[in-house]
Amino acid sequence: MRSRLGWRVAVVAVVLGTASAVGLLPADGVQTAEFGLAATGARSKIVHSATGSPVHDSVLVYNRTARSLTISLDVVGVTQKADGSYSLGASGTGLAAHIRLQSRSVTLAARGRQTVSLTIDTPDHLSSPEYAAVTAIAGPASSTGVAVTERLAVLVGVTPPGAGSAAAHTSGASHKRTVAVVVATILLLALLAVLISAFVLRRRRSTPAAG
């Protein structure tokens, strides 16, 4: 089954409701009525530059229910489409083959949460970004009806060396230009205020007093 990921990546095999982020839950995570998944550090996705060395990161899994819940984790390949969306692939394909999870299954107490470490073996030569996704599925509950599976995913990306630095440099330069414009505007307004005050004072001195 092929699914689409947005910047805040949510993949649901059978949709029961809309994922949301409210209360004290991670603002950049995705969730169902039962559980949620998020990149640690208030990020909507995990992106690192390819350095040829292993990179360590983590995701957060949390239980939204008042009962114990088992979550199964996996890493799947991801393909970026021309329109900027993403398609999930098979387990362990593409970049996913180079990502190792600390655990493939976690059992959470009621309202519990757990951080799961992951290691990305980044290549030393990369010409274009590569993507994968960490996925989470709640363990099957005992039921006599039709089993419904909801799957959440957080995007993991590896970019060519220097791509992240270039973006950071551009952002920093843009920020500096913005600050310079603000400072120049403030100085201009201050100078204008001084000129107006001097003009008003000069007129008062040149105008003869009444009577």
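A 4.5 Å side-chain heavy-atom check between I46 and V59 finds at least one atom pair inside the cut-off. Here the side chains of R64 and T32 are not in contact, with every heavy-atom distance at 4.5 Å or above. With a 4.5 Å cut-off on side-chain heavy atoms, V78 and L95 do not count as touching. With a 4.5 Å cut-off on side-chain heavy atoms, P160 and P129 count as touching.
Of the possible donor and acceptor atoms, none in the side chain of T115 sits under 3.5 Å from a partner among the backbone N and O of L60. A donor-acceptor pair is defined here as one N or O able to donate and one able to accept, closer than 3.5 Å; such a pair exists between the side chain of T122 and the backbone of S53. N63 places no side-chain N or O within donor-acceptor distance of the main-chain N or O of G112, the cut-off being under 3.5 Å.
Paired with T119 under the rule side-chain hydrogen bond (donor to acceptor under 3.5 Å, both in side chains), one option of H98, H56, Q102 passes, and it is H56. Remark: of the listed residues Q31, R111, R113, Q114, Q31 is the sole one forming a side-chain hydrogen bond (donor to acceptor under 3.5 Å, both in side chains) with Y62.
A distance of 7.5 Å separates CD in E34 from CD1 in I71, rounded to the nearest 0.5 Å. Rounding to the nearest 0.5 angstrom, the gap separating the CG atom in L37 from the OG1 atom in T135 is 8.5 Å. Within the model, atoms CG of L118 and CG of L101 stand 6.0 Å from one another, a figure rounded to the nearest 0.5 Å.
Closest approach of P161 and A50 over heavy atoms only: CG-O, 3.0 Å. The two atoms that bring G157 and Y131 nearest to each other are CA-CD2, 3.7 Å, heavy atoms only. Taking every heavy atom of both residues into account, S117 and S58 meet most closely at CA-CB, 3.9 Å. Among all heavy-atom pairs drawn from G77 and A96, the shortest one is N-CB, 3.6 Å. A pairwise comparison of heavy atoms in K45 and V154 identifies CA-CG1, 4.3 Å as the closest pair. When all heavy atoms of L155 and A132 are compared, the pair lying nearest together is CD1-O, 3.5 Å.
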>> The test is side-chain hydrogen bond (donor to acceptor under 3.5 Å, both in side chains); show your working for T70 and T107 and say whether it passes.
In response: CA-CA 4 Å; T70 298; T107 300; 3.3 Å; yes

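S105 and S72 form no side-chain donor-acceptor contact under 3.5 Å, judged by distance and modelled atom types alone.
Linking Ile, Leu, Val, Met, Phe, Trp and Tyr whenever their side-chain heavy atoms come within less than 4.5 Å puts V116 and L69 in one cluster. Hydrophobic clustering, with ILVMFWY side chains joined whenever heavy atoms are under 4.5 angstrom apart, keeps L152 apart from I137.
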